[in-house]
There are 2 protein chains.
Amino acid sequence: MFKLNKMTDYAVVMMADMARMTDDMRTAPQLAEATGVPLPTVSKLLKNLANAGLMQSQRGASGGYSLSRAPEDISVAEIIAAVEGPIALTACVDGSPDQCGVETICAMRGNWDKVNRAVRGALEQVTLADMMVSAFEFGIPAPAERAGAAS
Amino acid sequence: MFKLNKMTDYAVVMMADMARMTDDMRTAPQLAEATGVPLPTVSKLLKNLANAGLMQSQRGASGGYSLSRAPEDISVAEIIAAVEGPIALTACVDGSPDQCGVETICAMRGNWDKVNRAVRGALEQVTLADMMVSAFEFGIPAPAERAGAAS
DNA sequence: TCAAAAGGTACCAGATTAGTACTGATTGCG
DNA sequence: CGCAATCAGTACTAATCTGGTACCTTTTGA
């Protein structure tokens with residue numbers, strides 16, 4: 001299905017949630033409360049996002065996290081990369097030299113790079129700001145509507 | 001990581017292999033031999049590809065499979081869709097009504113559709129013919145080359 | 001009628017993921 | 001100074017998913 005990890009889904013939701021209140025810092029428990037994602041998971045995700053430079057963290061009492069950039073400047077590609085590692089469709093294309101024992105297959109691996117580039121390019125076009133638009137500006141689509149097409 | 005299933009990888013390899021000899025029909029055992037992919041797996045994949053209309057199957061003795069279209073007319077998107085189901089990055093976007101119990105998350109699900117469309121569009125640009133080019137025309141890229149770059 | 005090949009279903013083992021728990025490090029505040 | 005709140009990191013477990021296998025049925029040409 002090509003589905004991305006639930007983690008990435010969470011990450012985008014969390015960042016979108018933070019994007020709505022950029023002024024103040026938010027703690028992991030606050031975000032867990034706001035999104036409904038279990039706290040340990042939120043904490044882990046925030047750590048990854050901070051390491052990737054998408055968030056700034058402030059340690060100590062009254063610390064917390066905040067977006068390091070404007071939502072328009074954060075692409076979905078970056079979020080995915082932060083949570084799941086570099087965006088690549090096959091296991092064989094990055095780093096690991098010889099884990100695929102089948103020659104005929106490996107002969108084609110280089111071509112997956114085209115696909116990777118295409119996908120990465122597409123994901124870089126979509127920003128965090130894009131992900132917020134309809135939900136918070138145009139209202140949430142009615143449940144009946146979602147049930148038919150996309151829930 | 002965003003990696004696609006090994007199945008899809010196999011599928012592309014198999015189809016590319018078949019594309020090189022469109023004249024005659026090929027059987028599952030032949031393809032398994034040629035690609036090094038275990039026979040039962042090949043068989044399962046061929047079935048899916050045939051159901052998706054990417055291949056034509058001929059039952060009975062001296063039967064087999066053949067591509068139903070020219071390699072230039074088969075997109076990677078189609079192959080992925082045939083093997084892994086419809087291309088959608090989240091589990092929640094197609095069909096299933098209420099499997100995500102978190103409201104805040106679901107409020108944003110509609111926006112993943114943008115990402116899905118972007119990715120699907122990108123994958124539709126890459127054809128099976130594209131996947132064959134360098135491997136069989138320009139030669140296989142050196143392992144050292146791949147190890148360094150090629151994200 | 002037989003054998004070869006596709007079509008289908010069910011199942012198992014290994015790998016991966018999501019989630020939890022625990023411990024350590026940093027910093028603001030009383 | 002020391003406590004408490006918060007981030008940081010590691011290790012572990014349970015559950016899901018994937019890749020692969022086995023077995024049987026159906027079709028069809030010789």
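All values below were derived from every heavy atom in this structure, side-chain atoms included, with hydrogens, water molecules and symmetry-related copies excluded. Letters A, B, ... mirror the listed sequences (proteins, then strands); counts begin at 1.
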Give the rounded distance in Å between these two atoms: CG of B:L46 and P of C:dA5. 13 Å
For B:R26, is there an ion pair with B:E33 - N to carboxylate O distance below 4.0 angstrom? no
Among A:I79, A:I74, A:V126, A:V13, the one residue meeting side-chain contact (heavy atoms from CB on, under 4.5 Å) with A:M131: A:V126
Starting at atom CG of A:D9, determine the distance to atom C1' of C:dT17, rounded to an integer number of angstrom. 15 Å
Nearest whole angstrom, please: distance from the C1' of C:dA4 to the CE of B:M25. 14 Å
Under 4.0 angstrom, heavy atoms only, what part of the nucleic acid is A:P40 near: base, sugar-phosphate, or nothing? base
A:M55 CE to D:dA8 P, in whole Å, measures 12 Å
What about B:K44, does its side chain sit under 3.5 Å from the base of D:dG19 through a donor-acceptor pair? no
When you check the phosphate oxygens OP1 and OP2 of D:dT28, does a side-chain N or O of B:S62 lie under 4.0 Å from one of them? no
B:M7 CE to C:dT16 C1', straight-line distance once rounded to whole Å: 15 Å
What distance do A:Q30 atom CD and A:T27 atom OG1 have between them, rounded to the nearest 0.5 Å? 3.5 Å
Between the base of D:dT28 and the side chain of B:R59, is there a donor and acceptor pair under 3.5 angstrom? no
Select base, sugar-phosphate, or nothing to describe what A:A50 touches, counting heavy atoms under 4.0 Å on all strands. nothing
Given that A:G60 and A:N51 both sit by DNA chain D, which one's nearest nucleotide is further toward the 5' end? A:G60
What's the closest nucleotide to the side chain of B:K6 if the choices are C:dG28, D:dG19, C:dG7? D:dG19
Please give, in whole Å, the distance from D:dT18 P to B:Y10 OH? 15 Å
Let me know the distance between CG of A:L49 and P of D:dC7, rounded to the nearest Å. 13 Å
Output the distance between atom OH (A:Y65) and atom CZ (A:R59), rounded to the nearest 0.5 Å. 9.0 Å
What nucleotide among C:dT20, D:dT28, D:dT21 has an atom nearest to a side-chain atom of B:P38? D:dT21
For a 4.5 angstrom cut-off between non-hydrogen side-chain atoms, does B:E78 reach B:E124? no
Find the distance A:Y65:OH to C:dT26:P and express it as a whole number of Å. 15 Å
DNA chain D: A:T27 or B:L39, which has the more 5' nearest nucleotide? A:T27
